[in-house]
Structure formats: C-alpha cells, structure tokens
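Since the structure comes first, as structure tokens, the remarks are kept for the end.
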Amino acid sequence: MDRKGKLGVALSIIALIAWQIYYSQELNRTKLAQQQIAEAAATSTPNPAQSTPVSPDGTPAGVTTPAAPAASSAATSAATPTPPVSEPKQTLKLESEGAEWVFSTRGGGIERVTLKGHRTESDKQVSLNEFGNTPIGALTEAYENPVLETFAMEAGSDNKSVVFRRTDPRQISIIKSFTLQSPEEATKQRWPETHIANLEVRITNHSSSPVTIPAYSVRAGSGAPLHLKDLPIYTGFNRMIGTNSKFLDTTWFDGGGFLGFGKTPRPVYSETGGISWIGVTNQYYATILSCVGSTGSEALASRIVVAPADWSATGRAADGQIPYAVEGAMRLTSQSLEPGKEIIHKFAIYAGPREFSRLQALGGGQEDMLDFGMFSIVSRILLASMNGLKGMLGSYAAAIILLTIVIKLLMWPLQTKSTNSMKRMQELQPKMTALKEKYADDPAKMNQELLVLYKKHGVNPMSGCLPMLIQIPIFFGFYNMLGKAVELRNSPFLWVHDLSQPDTVAHLASYPVNVLPLVMAITMLWQMQLTPKTGDPVQQRMFMFMPLIFIVFCYNFASALSLYWTVQNIFTIVQLTITNRNKASSLQKAAAVVKKN
C-alpha cells in the first residue's frame with residue numbers, strides 16, 4: 001500500500017471515530033435543549049386536566065371577552081366567516097379484528113389506534129398517534145393551522161362506522177365518514193386488510209353563491225419512537241409521487257452541514273406533485289394515508305418534541321431523555337364550488353405493523369415504507385427467506401442461524417478458492433518482495449514481472465477479495481432488513497430477550513454491556529488469525545481495525561445482526577480450519593497445474 005492509500009485508510013478510521021464522538025455529543029446537546037424546551041413549556045402551560053376548552057381562535061369556550069368596536073367586527077366577519085365555538089370533546093371507540101380505534105369530535109378524526117397482539121416492553125399494547133395534537137384524518141386550512149373545530153358525531157348502527165358533520169357560517173358543510181373493514185369486507189376491497197379505515201370527505205356548498213374551497217391538508221397523525229434509545233433514523237415521514245418514494249427521518253429537520261457545522265434548521269418539509277400516499281412511521285409501525293381514485297397536490301411534514309410527562313403517561317420511563325416525533329399531512333387542491341355542488345375525496349388509512357407482506361398487499365408501492373435502501377432486493381429476499389424458515393422452525397433465531405449457514409454453504413466453493421489463492425499469495429510473498437526491491441526504480445517493469453510471476457504460479461491477486469465483495473451487499477441487506485423487521489419484536493434467544501433490540505445484560509457506569517457484539521468481535525479476530533496473510537504489514541495492521549468498525553455498526557443495533565455475523569464468522573473459522581489442514585504447498589500444486597496445461 002502506498003503512502004496515499006495508508007493515509008486514506010487512516011483518515012477513514014479517524015473520521016468514523018470522530019463521527020461517533022460527535023454523534024454522542026449531539027445527542028447530549030439535543031437532550032439538554034429538549035429538556036429546556038419542556039421545562040419552559042411546563043412553567044407556561046396550564047395543567048391539561050384543569051384547562052378550559054378552547055375555540056379555534058384561541059378564546060376559552062364559554063368565557064365572555066370584551067366586545068370589539070362594531071365597525072371592526074363587521075369588517076372581520078365580512079372577510080372571514082367565524083368558525084363555530086368549540087364544545088367539550090367527545091370520543092367513540094370502535095374495534096376491528098386488528099386494532100382498537102378511538103375517534104374524536106375534535107377535528108373529526110382518529111385520536112389513537114391501539115394495535116391488538118402488539119405489546120411494548122412495559123407490556124402495554126402498542127398505540128399509534130400517541131403524541132402531537134392532530135387526529136388522523138383531521139383537516140386544516142393550512143398545514144400550520146389548528147384542526148377544524150368542532151364536528152358533530154354520529155355512530156353507525158353496525159359498530160364499524162362513524163360520521164362527523166360540520167357546517168360553517170358560509171353554509172359549507174363537511175361530512176366525514178369513517179368505515180372500518182371487517183374480514184368479510186376486506187376480501188372484496190382493494191386492501192385485504194383489517195388494519196384499515198376507509199375515509200370519505202364530502203364537501204357541499206349549501207349557499208347561493210360560488211365559494212372557493214381552500215386546499216385542505218388531510219393529516220396523517222404522528223409517528224414516535226417505541227423506545228427512548230431508538231435511533232432517530234427510524235422515525236420519520238415517507239411519501240410516494242408516481243413511482244418514486246422518499247423517506248426522511250427526524251434528523252432531516254436539523255438541516256444540512258458537515259459534522260454539525262453550517263446547519264440551518266428546517267421546520268417543515270414540503271414537496272409538490274401527484275401524491276398517492278404519505279406515511280408517518282417509527283422503526284416497526286406506521287400510519288399511511290393513501291388516496292383512492294385521485295392524488296394529493298403536496299406532501300408536508302414537521303418534527304415535534306415529546307414532553308416527558310406525555311412520554312411517562314404511556315407507561316414508559318422518561319429517564320430524562322426526550323424523543324422526537326414526526327407529523328405529516330397531504331394537501332388537496334383548492335377548488336371553486338358552485339351552489340348546490342359537492343366535492344368528494346376518498347382515502348384509506350392503514351395503521352399497523354410494517355410487515356412487508358401486509359404493506360405489499362395494500363398496493364401502490366406502500367411496501368416502500370420499509371425503505372431498505374440501495375440493497376433493497378437483497379433485503380427483500382433475506383426477509384422472505386427468514387420468514388419462511390421461521391414458519392418451519394418456529395424460532396426467528398433458528399431461522400437466522402440456518403439462513404446464515406445456507407448462505408455460507410452456497411459460498412463455500414468461492415471461499416475455499418479465495419483462501420487457497422491467499423495462501424499462494426502468502427507463499428509468493430518473498431519472491432514478490434525481491435522483485436519490488438530489484439525494480440524499485442522502475443514501477444512499470446516491476447508490475448510486468450509481477451504479472452509474469454502470478455501467471456507462472458497460477459495466482460489471481462484479486463480472487464481473495466471476491467468473497468468480501470459478495471458479502472458487502474449481504475451484510476447491508478441484513479443490516480437494513482433486521483433493523484426494520486417487526487417480526488423480530490419480542491423474539492428471544494438464549495439470554496437475548498428481544499432480537500430487535502441490543503442484548504444488554506448490564507451497565508458499567510451507565511454504559512450498556514451488549515454481549516453478542518463482543519462475541520462477534522472475538523470471532524472476527526479469531527477468523528483473521530486463521531486467514532492467510534497477504535499484502536504489506538501496514539495493510540495487515542489496518543485490517544485489524546475491522547472488528548472495531550463492526551462493533552461501531554452493531555453495538556447498539558438489533559442483536560439479530562450480531563447473531564448473523566457471529567454465526568457466519570464461526571462458520572468461516574470452521575471452513576478455514578479445514579482448508580488449512582492441507583499441509584502440501586498450494587503454490588506447488590498451482591504451478592503443477594499451470595505447467596500441465
């Protein structure tokens with residue numbers, strides 16, 4: 001390796017370590033800032049339990065305010081119709097086969113969705129849209145505006161539907177109908193899924209004059225982490241324009257810049273186009289709002305801070321840390337509505353786990369909510385294989401182990417060929433060193449003589465790299481798949497309670513002790529000791545940093561990834577041991593084959 005190569009490797013390692021240090025410091029700074037925000041809000045905001053209902057203009061309902069001058073009042077009412085005053089919120093609970101849906105007259109939408117059969121680590125059912133102030137399916141005239149108040153609610157006689165009605169002073173009525181899908185109805189619909197609520201928004205002009213209907217934003221609620229220490233890259237917003245999906249996580253709102261320098265915060269994400277669906281998500285669950293028979297005109301999203309009291313109210317320890325949540329919305333198109341005419345918008349709302357098969361069945365590319373990245377096809381194959389093996393073995397840990405062994409068996413011939421090539425390169429090392437010293441002043445001649453040496457002894461210097469090149473997409477395929485596979489939640493293995501989380505067994509000075517990544521690093525060092533040494537000593541020392549780099553990748557990641565890499569390390573150790581038992585000179589064998597041919 002030349003001086004530039006050594007410098008490049010060294011700088012890469014330094015940059016990786018510097019990034020980890022910066023990332024930890026940034027989390028601490030964010031944590032402190034969020035605490036200050038929460039403390040300020042706590043001292044300035046009254047207790048919600050003692051608060052008075054508030055009207056859309058911010059005036060407490062039922063409280064008389066001083067009258068403004070008559071002329072001013074007349075001018076205001078002529079310019080903008082005054083919305084009706086808020087009434088105390090009413091809620092209605094409906095159940096489908098897969099979830100419990102709580103509807104609210106505030107905003108005429110879904111206040112919360114509690115998923116059946118999915119539990120948090122505190123043994124409570126997983127709930128979506130726990131945080132924030134926007135019901136799913138609520139309307140706002142502008143994204144930053146409060147939701148439209150107040151709707152009258154009427155429950156359907158089938159216990160599967162609810163209707164909200166609202167008429168403003170302009171005689172514009174909005175009727176919102178939510179219908180939950182039963183298993184029987186689901187088979188007849190586009191979405192064969194019981195985690196779906198169908199929404200119809202009917203806007204009618206009952207006045208005698210044309211009225212311009214604003215470009216309402218239909219809200220998708222909020223997505224928040226399940227655990228305080230969930231990586232921020234998993235909580236975010238997704239949208240689909242045509243066939244192009246895009247995901248942005250909570251760190252997007254911090255702005256750009258390098259290592260924190262030159263950042264300009266971005267309060268709102270906005271992108272126009274034919275929006276077919278939007279979604280807010282955490283690592284394992286999502287709420288998706290999709291258009292039926294039309295498209296939206298704009299996708300919008302923003303980041304909100306979850307207050308410690310709100311987080312603690314869910315039964316999860318706040319631990320002094322405050323996570324971010326993301327809210328999203330889809331803007332409709334402004335239209336002029338003639339007297340007696342109506343506009344109808346239809347949507348489907350999915351609230352449930354991010355299981356690939358479920359999302360794929362929804363159509364419209366909604367499986368892209370998983371955002372597997374550039375090795376998406378590899379992740380999808382691995383996910384399907386893992387789920388298939390789990391169905392046979394009854395355990396996700398066993399499925400990961402067997403899948404890893406199958407992959408390594410398929411690569412056995414290639415790995416053996418690579419090991420033998422590296423052994424021949426190792427045996428050729430003295431002759432290669434002699435040539436480099438002999439032609440130190442003539443690099444072209446030296447390379448020519450090296451090629452002759454390789455050809456004479458049947459050595460391919462690149463064959464040793466091929467297995468590693470193949471393993472890169474497999475590793476990142478596993479990395480993206482295992483980090484988002486909701487199927488792994490609460491799946492145990494030996495001392496591991498949950499394969500979707502780090503296998504923390506203790507804490508040292510508040511630092512978690514995760515066993516599997518440490519075992520993984522030990523097996524990597526063992527494997528490196530058995531691997532034939534090629535290249536110059538400096539290059540070999542650089543490779544000794546690989547276990548450190550993999551620990552950085554895997555330490556606080558899902559323990560399933562460390563399990564996969566540890567198993568493949570052990571398998572490779574066995575293979576190298578078998579290959580290295582051959583005491584005969586592989587160089588002599590290769591030369592004999594070349595001479596014979």
Check your understanding: So, Ser127 versus Thr114: side-chain donor-acceptor pair below 3.5 Å or not?
Key -> yes
Check your understanding: Of all residues at least two apart in sequence or in a different chain, which pass the side-chain contact (heavy atoms from CB on, under 4.5 Å) check with Ala220?
Key -> Ile278, Leu289
Point to revise | Ser104 side-chain N/O to Gly109 backbone N/O, donor-acceptor pair under 3.5 Å | key: no
**Study point:** Parallel, tilted or perpendicular, as decided by the 30° and 60° cut-offs, for the rings of Phe103 and Phe164
**Key:** tilted
Exercise for review: Would you indicate whether Lys116, at its atom NZ, is surrounded by more than 12 heavy atoms from other residues, nucleotides or ligands within a distance under 6.0 Å?
Suggested key: yes
Practice item. Would you tell me whether Ser302 and Tyr143 have side-chain atoms, one donor and one acceptor, within less than 3.5 Å of each other? Key: yes
Check your understanding: Using the ring of each side chain (for Trp, its six-membered ring), is Tyr269 parallel, tilted or perpendicular to Trp252, with breaks at 30° and 60°?
Key -> perpendicular
Check your understanding: What pairs meet the salt bridge (Lys or Arg N to Asp or Glu O under 4.0 Å) rule with one or both residues in residues 217-227, with sequence neighbours excluded?
Key -> Arg219-Glu327
Point to revise | Any residue meeting side-chain hydrogen bond (donor to acceptor under 3.5 Å, both in side chains) with Ser395, in chain and number order, not counting sequence neighbours | key: none
Check your understanding: What heavy-atom pair brings Val147 and Gly107 nearest, and what distance separates the two atoms?
Key -> CG2-CA, 3.9 Å
Check your understanding: Parallel, tilted or perpendicular: which describes the rings of Trp565 and Phe475, with under 30° parallel and over 60° perpendicular?
Key -> perpendicular
Check your understanding: When you check the side-chain N and O atoms of Ser222 and Asn129, is any donor under 3.5 Å from an acceptor?
Key -> yes
Revision key, fill the gap. In terms of heavy-atom contacts, Ser245 and Asn238 come closest through CB-OD1, 4.0 Å
Check your understanding: Can Lys176 and Glu200 be said to form a salt bridge (charged side-chain N to carboxylate O under 4.0 Å, His left out), step by step?
Key -> CA-CA 6 Å; Lys176 302 169 67 178; Glu200 179 184 275; over 6 Å; no
Exercise for review: Just jot down the side-chain hydrogen bond (donor to acceptor under 3.5 Å, both in side chains) partners of Glu141, sequence neighbours excluded, or say none.
Suggested key: none
Check your understanding: For Ser276, what residues pass the side-chain hydrogen bond (donor to acceptor under 3.5 Å, both in side chains) criterion, not counting sequence neighbours?
Key -> none
Review point. What pairs with Trp101 under side-chain hydrogen bond (donor to acceptor under 3.5 Å, both in side chains), at least two apart in sequence or on another chain?
Key: Ser96
Check your understanding: To the nearest 0.5 Å, how far apart are CG in Leu115 and OH in Tyr285?
Key -> 6.5 Å
Check your understanding: Is Lys484 close enough and on-axis enough to Tyr284, meaning under 6.0 Å and within 45°, for cation-pi?
Key -> no
Exercise for review: May I ask you to decide if Asn514's main-chain N or O and Thr504's side chain share a donor-acceptor pair within less than 3.5 Å?
Suggested key: no
